[in-house]
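Because the structure is a prediction, the values reported are computed rather than measured. Note: hydrogens, waters and symmetry copies are ignored here, and every other heavy atom, side chains too, is used.
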Amino acid sequence: MQVSAREDIQAPIDAVFDMVADFERFERMAMRRGVEVRRTVEMPGHWVGSCWEADIMIRGKPRHVAIEVAEFDRPTVMRFRSTSRGMNGLTTIDLLSLSQKQTRLSIEMSLAAKTLPARLLLQSLKLGKARFRRQFQMRLSDFAREMEERYLHGA
């Protein structure tokens, strides 16, 4: 299953990249939402090889997910590989400078099942794919507006 979304942000590409690469902020956000997050490998400067483990609830069941930075090419690309029991994922974040003060943020997420229970989970997600896409785009839009505010106000 693949899902993608994109949003234009009123901020330079370097500023957007720095905000997207603020992994500590994302760790805190996840913890506030009840997700247990542990950084297991920390590479200097958030480079390739940094890893996290997270315990999350998906469809009412606890899931253990391992996430690794697979690519980190400043200021244009970040790629994360995720694995859980029965499923693999790849998330790609692409940044494109549209002008000195505008950046396009594109996120593509793909999930692949390795086991029958994971296939059933993916199938249930596919049935609600339109709703999932809308929510994904809405959250990216909210995140983009938050990054614009942070850039404008230096937060």
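- Residues Arg6 and Ser106 share a closest heavy-atom pair of CB-OG, 3.5 Å.
- Separating the OG1 atom in Thr115 from the CG atom in Leu122 is a distance of 9.5 Å, to the nearest 0.5 Å.
- Contact between Gln2 and Ser110 at its shortest, heavy atoms only, is CG-CB, 3.6 Å.
- Side-chain atoms of Thr83 and Val65, non-hydrogen and from C-beta on, never get closer than 4.5 Å to each other.
- Note on Asp55 versus Arg38: salt bridge recorded, some NZ/NE/NH1/NH2 to OD/OE distance being below 4.0 Å.
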Apply side-chain contact (heavy atoms from CB on, under 4.5 Å) to residues Arg39 and Glu27 and explain how you reach the verdict.
CA-CA 9 Å; Arg39 192 179 293 215; Glu27 289 170 12; 2.8 Å; yes

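- Nearest approach of Tyr151 to Ala15, heavy atoms of both residues: CD1-CB, 3.7 Å.
- Clustering ILVMFWY residues whenever any of their side-chain heavy atoms sit less than 4.5 angstrom apart, transitively, puts Val48 in the very cluster that holds Ile67.
- For the pair Val20/Met78, a side-chain contact is recorded, criterion being any heavy-atom separation below 4.5 Å from C-beta on.
- Ring-centre distance between Phe26 and Phe143: below the 6.0 Å cut-off.
- Nearest heavy atom pair, residue Ala70 against residue Arg81, reads CB-NH2, 3.2 Å.
- By the 6.0 Å contact criterion, CD on Glu146 is enclosed, its count of non-hydrogen atoms from other residues, nucleotides or ligands being greater than 12.
- In terms of heavy atoms, Asp14 sits closest to Pro75 at OD1-CB, 3.5 Å.
- Residues Ile56 and Phe132 share a hydrophobic cluster, clusters being chains of Ile/Leu/Val/Met/Phe/Trp/Tyr side chains in contact below 4.5 Å.
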Using the side chain to side chain donor-acceptor pair (under 3.5 Å) rule, take Thr92 and Glu108 through it: C-alpha gap first, then chi angles, then the decisive distance, then the call.
CA-CA 5 Å; Thr92 302; Glu108 183 177 301; 5.8 Å; no

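- With a 4.5 Å cut-off on side-chain heavy atoms, Phe80 and Glu68 do not count as touching.
- The CE atom of Met87 sits 9.0 Å away from atom CE of Met1, with the distance rounded to the nearest 0.5 Å.
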Leu140 vs Leu105, side-chain contact (heavy atoms from CB on, under 4.5 Å): CA-CA, chis, key distance, verdict:
CA-CA 9 Å; Leu140 182 60; Leu105 169 65; 3.5 Å; yes

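- The cluster map of Ile, Leu, Val, Met, Phe, Trp and Tyr, joined by side-chain heavy atoms under 4.5 Å apart, puts Trp47 and Leu95 in the same cluster.
- Distance CG/Asp18 to CE/Met147: 11.5 Å, rounded to 0.5 Å.
- The 12-atom threshold is exceeded at CZ of Arg133, counting heavy atoms of other residues, nucleotides or ligands nearer than 6.0 Å.
- In this structure, Thr103 OG1 and Leu98 CG are separated by 6.5 Å, a value rounded to the nearest 0.5 Å.
- Note that CD1 of Ile9 and CZ of Arg104 are 10.5 Å apart. Values are rounded to the nearest 0.5 Å.
- Remark: side-chain polar atoms of Thr40 are not paired, donor with acceptor, to backbone N or O of Glu53 under 3.5 angstrom.
- Heavy-atom neighbours of Lys114 NZ from other residues, nucleotides or ligands within 6.0 Å: above the threshold of 12.
- Looking only at side-chain heavy atoms (C-beta outward), Trp52 and Val69 come within less than 4.5 Å of each other.
- Follow the hydrophobic side-chain contacts under 4.5 Å out from Val35 and you reach Met29 in the same cluster.
- More than 12 heavy atoms of other residues, nucleotides or ligands lie within 6.0 Å of CZ in Arg145, so this atom counts as buried by the packing criterion.
- Atom CD in Glu148 sits 13.0 Å away from atom NZ in Lys101 (nearest 0.5 Å).
- No side-chain N or O of Ser84 forms a donor-acceptor pair with one of Arg63 less than 3.5 Å apart.
- Within the 4.5 Å cutoff, the side chain of Ile107 has heavy atoms near those of the Phe136 side chain.
- Pairing each heavy atom of Leu90 with each of Arg79, the nearest pair is CD1-CG, 3.4 Å.
- Put simply, the side chain of Arg150 reaches to within 4.5 Å of the side chain of Arg25, judged on heavy atoms.
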